[in-house]
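First up is the structure itself, then whatever we jot down about it.
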Amino acid sequence: MTGNLWPLVHAERAALADDLADLTDKQWATPSLCAGLSVREVLAHLTASASLTPMRWLAGVIRCRFDFDKQVAVRLAEHLGDAPADTLARFRRVVGSTTKPPLPVIALLGEAVVHGEDIRRPLGLRRDHPEPVLTRLAEYYAGSDLVVVAKSRVSGLRLAATDGPFATGSGPLVTGSTLALIMAMTGRTAYCDELDGDGVALLRDR
């Protein structure tokens, strides 16, 4: 299972790096969908995640006294670099990395897709993600609260993709593209505007 996921992670990272190759300094400073972070800072976060072994992760957590938000901020700062070009170069160097914190590889794939969209959407960029990748991620998030609360967010709702086979749960209906469902499941309320059904308002409130 793990072995065939890494190429998907690498493909998502490579596509994101290519999408960001020609950004201006102003675009790099654009607020992302991650509250308080610019698109450049989110990319540095992705670099940090691809550079962090379980031992380094644990040492950082202990050093930050189990303040996980502080740990993320410290690692992000380590990989930001002095200029946007440096940030992108650092990310390119870890595109093919299989280094990871103590998380399943599917979580790294989700991070690459979700944070990639956190960056792309405010910049008006679009990626047509492979449908099997999105379906796999939607199924993962619907069943997990690891790293990001998603399973609990969609509890009591029926989710159904309009562009693929993903469907889960029971209750008020929420329909839309698989990507929009993933982003809404992971707390990106901007994507609720792309969803339909009686359950959308409840999902947005969560």
Side-chain angles (χ1 to χ4, degrees), residues 1-13 16 32-37 41-76 79 94 97-119 129-130 132-159 161 164 166-171 174 178-192 202-206:
M1 176 76 110
T2 297
N4 66 350
L5 285 177
W6 276 120
L8 304 180
V9 176
H10 299 158
E12 289 298 329
R13 289 174 180 165
L16 180 60
S32 75
L33 295 188
C34 288
L37 296 182
E41 289 169 328
V42 175
L43 192 70
H45 168 66
L46 285 172
T47 304
S49 178
S51 309
L52 199 57
T53 64
M55 288 301 296
R56 288 195 69 213
W57 176 85
L58 181 59
V61 167
I62 292 171
R63 187 167 61 250
C64 293
R65 300 188 179 186
F66 294 89
D67 183 334
F68 294 99
D69 289 338
K70 182 178 180 181
Q71 151 89 337
V72 168
V74 168
R75 295 302 183 192
L76 184 161
H79 294 278
V94 300
S97 171
T98 56
T99 299
K100 67 180 184 66
L103 296 171
V105 181
I106 186 71
L108 275 292
L109 178 60
E111 182 179 65
V113 170
V114 172
H115 282 325
E117 293 306 310
D118 286 338
I119 290 170
H129 301 273
V133 171
L134 294 182
T135 298
R136 197 164 189 175
L137 278 181
E139 291 169 349
Y140 164 68
Y141 282 124
S144 176
D145 282 332
L146 183 66
V147 183
V148 59
V149 173
K151 178 182 178 181
S152 298
R153 186 173 278 117
V154 299
S155 177
L157 296 173
R158 172 68 176 171
L159 273 58
F166 172 69
T168 189
S170 60
V174 179
T178 313
L179 178 62
L181 291 171
I182 288 170
M183 298 302 287
M185 271 193 277
T186 55
R188 278 66 177 176
T189 56
Y191 281 81
C192 289
L202 183 56
L203 179 57
R204 188 191 297 273
D205 288 345
R206 292 177 177 177

Below 4.5 Å, heavy atoms only, C-beta onward: do [X] and [Y] meet side chain to side chain?
| X | Y | answer |
| --- | --- | --- |
| Arg136 | Leu5 | yes |
| His10 | Thr98 | yes |
| Glu117 | Leu33 | no |
| Glu139 | Thr168 | no |
| Trp6 | Leu109 | no |

Backbone N or O of [Y] within a donor-acceptor pair of the [X] side chain at under 3.5 Å?
| X | Y | answer |
| --- | --- | --- |
| Ser144 | Tyr141 | no |
| Thr99 | Leu52 | no |
| Arg188 | Cys34 | no |
| His115 | Leu46 | no |
| Arg153 | Val149 | yes |
| Lys151 | Val154 | no |
| Ser32 | Leu37 | yes |

Nearest heavy-atom contact between Pro104 and Tyr140 is CG-OH, 4.5 Å
Closest non-hydrogen contact found for Gly36 with Glu41 is O-OE1, 3.8 Å
Under a plain distance cut-off of 3.5 Å, with no hydrogens placed, do Ser49 and Glu111 share a side-chain donor-acceptor pair? yes
Distance alone, cut at 3.5 Å: any donor-acceptor contact between the side chains of Asp145 and Ser152? yes
Working to the nearest 0.5 Å, report the span between [atom1] of [X] and [atom2] of [Y].
| X | Y | atom1 | atom2 | answer |
| --- | --- | --- | --- | --- |
| Leu179 | Thr135 | CG | OG1 | 11.0 Å |
| Leu146 | Ile106 | CG | CD1 | 11.5 Å |
| Leu203 | Ser155 | CG | OG | 11.5 Å |
| Leu103 | Leu108 | CG | CG | 6.5 Å |

One pair to check against side chain to side chain contact (heavy atoms under 4.5 Å, CB included): Leu157 and Arg206. What are the steps and the verdict? CA-CA 12 Å; Leu157 296 173; Arg206 292 177 177 177; 3.9 Å; yes
Before giving the answer on side chain to side chain contact (heavy atoms under 4.5 Å, CB included), spell out for Leu16 and Glu12 the whole-Å C-alpha distance, their side-chain angles and the decisive distance to 0.1 Å. CA-CA 6 Å; Leu16 180 60; Glu12 289 298 329; over 6 Å; no
Does the pair Val114 and Asp118 meet the rule for a side chain to side chain contact (heavy atoms under 4.5 Å, CB included), with working shown? CA-CA 6 Å; Val114 172; Asp118 286 338; 4.1 Å; yes
Start with the C-alpha gap between Leu181 and Thr178, add the side-chain angles, then the distance that decides, and say whether side chain to side chain contact (heavy atoms under 4.5 Å, CB included) holds. CA-CA 5 Å; Leu181 291 171; Thr178 313; 5.5 Å; no
